[in-house]
Amino acid sequence: MRGDGLKSLPEQIADRIGDEIVTGAYQPGQRIQEQHVAAALGVSRGPVREALRILEKDGLVVIHPRRGAQVTHLTVDEVKEIFDIRMVLSALAAQLIIERDDAATLARLKEMIAALKSIAAEDGDTEVYARQAYALSLFLATASGSARLEAMMHALARQTLRYSQLGLSTPERRRRSARLWTRLLQAMRAGDREETEALSRRLVTESRDKIIELLEAEEPAAGKRRAAG
């Protein structure tokens, strides 16, 4: 496996497996075999084991004694916890950017939101849109100037992206999201702190509520499948 900047080998492997979980290559409940991953990547099992521990901290897998790693299931409780935290952090980041009043930051936001709108207008792929939207969120955190806030946002990255793809799974949701991002930028450029906070929170809560709606609709069907199995 080739090097990736300053990341350690376990971190690179965690990124690889994490992406596969986010995109659905590994399904909820599926076991991840250390030896299979090691063989596929041409590495020993040690770095793979460390990578799985990283993913366990990120909430993407759970490691069972003697049974190895298993992809976690999407849950309503986790959605509420993750997105409620993210809502507060995102609103704070936007407020801090207003205080900094940096033209370059706002110009970069405009470019990124234009790309987001283009994906939504073309009914683009859910994963592509979700990754661009989350890149925007991480950019807000970085541009806020708060290293601690940025670290907290990055800590939620994998779980958030995994759920966000569900919340942005329809063209209608993606177009709605793009409109809210556009309005948020307008509020930030105007220095409207109240509207900025309201829109920052709405971006997160609308996605959260859609995810919860879909998960709750899926629960009866999942129960029937388990019973039949």
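These numbers come from the heavy atoms of this one structure, side chains and all, not from hydrogens, waters or symmetry mates.
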*asked:* Taking transitive links into account, so neighbours of neighbours count too, which hydrophobic residues share a cluster with Ile54 at under 4.5 Å side-chain distance?
replied: none
*Could you walk me through whether Gln12 and Val43 pass the side-chain contact (heavy atoms from CB on, under 4.5 Å) test, one step at a time?*
CA-CA 12 Å; Gln12 293 176 51; Val43 299; over 6 Å; no
*Kindly give the heavy-atom pair with the smallest separation between Val48 and Ser44, and that separation in Å.*
CG2-O, 3.7 Å
*Could you tell me whether the side chain of Leu214 reaches within less than 4.5 Å of the side chain of Ser169, counting heavy atoms only?*
yes
_Distance (rounded to the nearest 0.5 Å) between Lys80 NZ and Asp209 CG_ = 9.5 Å
_Value rounded to 0.5 Å, distance of CG in Leu136 from CG in Leu116_ = 6.0 Å
*asked:* Give me the atom names and distance for the closest heavy-atom approach of Leu168 to Ala130.
replied: CD1-CA, 4.0 Å
_Under 3.5 Å, is there a donor on one side chain and an acceptor on the other for Gln165 and Thr126?_
no
*Would you check if Glu56 and Val62 make a side-chain contact, meaning some heavy-atom pair closer than 4.5 Å?*
yes
_Contact check, side chains of Leu52 and Val37, non-hydrogen atoms, under 4.5 Å_ = no
*Kindly give the heavy-atom pair with the smallest separation between Leu185 and Lys110, and that separation in Å.*
CD2-CA, 3.6 Å
*asked:* Using only atom types and a distance under 3.5 Å, with no angle test, would you say the side chain of Glu206 pairs donor to acceptor with the backbone of Ser177?
replied: no
*Say whether, by atom type as modelled, one donor and one acceptor occur between the side chain of Thr182 and the main chain of Ala178 under 3.5 angstrom.*
yes
*Among the clusters formed by ILVMFWY side chains lying less than 4.5 Å apart, do Leu156 and Leu203 turn up in the same one?*
no
*Determine whether Leu138 and Met87 fall in the same hydrophobic cluster, where Ile, Leu, Val, Met, Phe, Trp and Tyr are linked whenever their side-chain heavy atoms lie under 4.5 Å apart.*
yes
*Does the Gln159 side chain pair with the main chain of Asp58, one donor and one acceptor, at a distance under 3.5 Å?*
yes
_Under 3.5 Å: donor-acceptor pair, side chain of Ser144, backbone of Ile97_ = no
*Got a second to check how far Leu180's CG is from Leu184's CG, nearest 0.5 Å?*
8.5 Å
_Does any part of the side chain of Arg208, heavy atoms only, come nearer than 4.5 Å to the side chain of Asp84, both counted from C-beta?_
yes
*Flag, side chain of Glu150 to backbone of Ala141, donor-acceptor distance under 3.5 Å*: no
_Minimum-distance pair of heavy atoms, taken over all atoms of Met152 and Leu89_ = CB-CD1, 3.9 Å
_Steps toward side-chain contact (heavy atoms from CB on, under 4.5 Å) verdict (Arg86, Thr160)_ = CA-CA 8 Å; Arg86 184 183 160 208; Thr160 299; 3.2 Å; yes
_For a 4.5 angstrom cut-off between non-hydrogen side-chain atoms, does Arg100 reach Thr105?_
no
*Please name all residues satisfying side-chain contact (heavy atoms from CB on, under 4.5 Å) with Ser207, sequence neighbours left out, ordered by chain then number.*
Phe83, Arg173, Ile211
*Arg131 and Val22: side-chain contact (heavy atoms from CB on, under 4.5 Å), yes or no, with the steps?*
CA-CA 10 Å; Arg131 287 185 181 276; Val22 167; 4.1 Å; yes
_With heavy-atom distances below 4.5 Å as the criterion, would you say the side chains of Leu166 and Val79 are in contact?_
no
*Between NE2 on residue His36 and CD on residue Gln33, distance to nearest 0.5 Å*: 5.5 Å
*Residues in side-chain contact (heavy atoms from CB on, under 4.5 Å) with Lys57, at least two apart?*
none
*Met188 and Phe139: same hydrophobic cluster, using ILVMFWY side-chain contacts below 4.5 Å?*
yes
*asked:* For residues 190-204, which residue pairs pass the salt bridge (Lys or Arg N to Asp or Glu O under 4.0 Å) check, not counting sequence neighbours?
replied: Glu99-Arg193, Arg183-Glu195, Glu197-Arg201
*Return yes if some donor-acceptor pair links the side-chain N/O of Tyr129 with the main-chain N/O of Arg174 below 3.5 Å, else return no.*
yes
*Can you tell me how far CD1 of Ile113 sits from CD of Gln186, rounded to the nearest 0.5 angstrom?*
9.0 Å
*Nearest-0.5 Å distance that lies between atom CZ in Arg31 and atom CZ in Arg67*: 7.5 Å
*So Glu213 and Lys210, salt bridge (charged side-chain N to carboxylate O under 4.0 Å, His left out) or not? Walk me through it.*
CA-CA 5 Å; Glu213 175 189 325; Lys210 184 61 177 179; 3.4 Å; yes
*Return the minimal non-hydrogen interatomic distance between Leu199 and Ala187, and the atom names on each side.*
CD1-CB, 4.2 Å
*Hey, is the main chain of Ala115 close enough, under 3.5 Å, to the side chain of Ser118 for a donor-acceptor pair?*
no
*asked:* Test side-chain contact (heavy atoms from CB on, under 4.5 Å) on Ser200 and Leu140; report intermediate values, then the result.
replied: CA-CA 11 Å; Ser200 297; Leu140 286 180; 5.8 Å; no
*State, to 0.1 Å, how close Trp181 and Ser137 come at their nearest heavy-atom pair, and which atoms those are.*
CZ2-OG, 3.9 Å
*Taking C-beta and beyond as the side chain, do Val71 and Arg162 meet within less than 4.5 Å on heavy atoms?*
yes
*Check side-chain contact (heavy atoms from CB on, under 4.5 Å) between Glu111 and all other residues, then give those that pass, not counting sequence neighbours.*
Arg108
*asked:* Tell me whether Gln132 contacts the main-chain N or O of Met112 through its side chain, where contact means a donor paired with an acceptor under 3.5 Å.
replied: yes
*With hydrophobic residues grouped by side-chain heavy-atom distances under 4.5 Å, do Ile98 and Val204 end up in a single group?*
no
*Under the side-chain contact (heavy atoms from CB on, under 4.5 Å) test, which residues partner Glu78, sequence neighbours left out?*
Thr75, Ile82, Tyr163
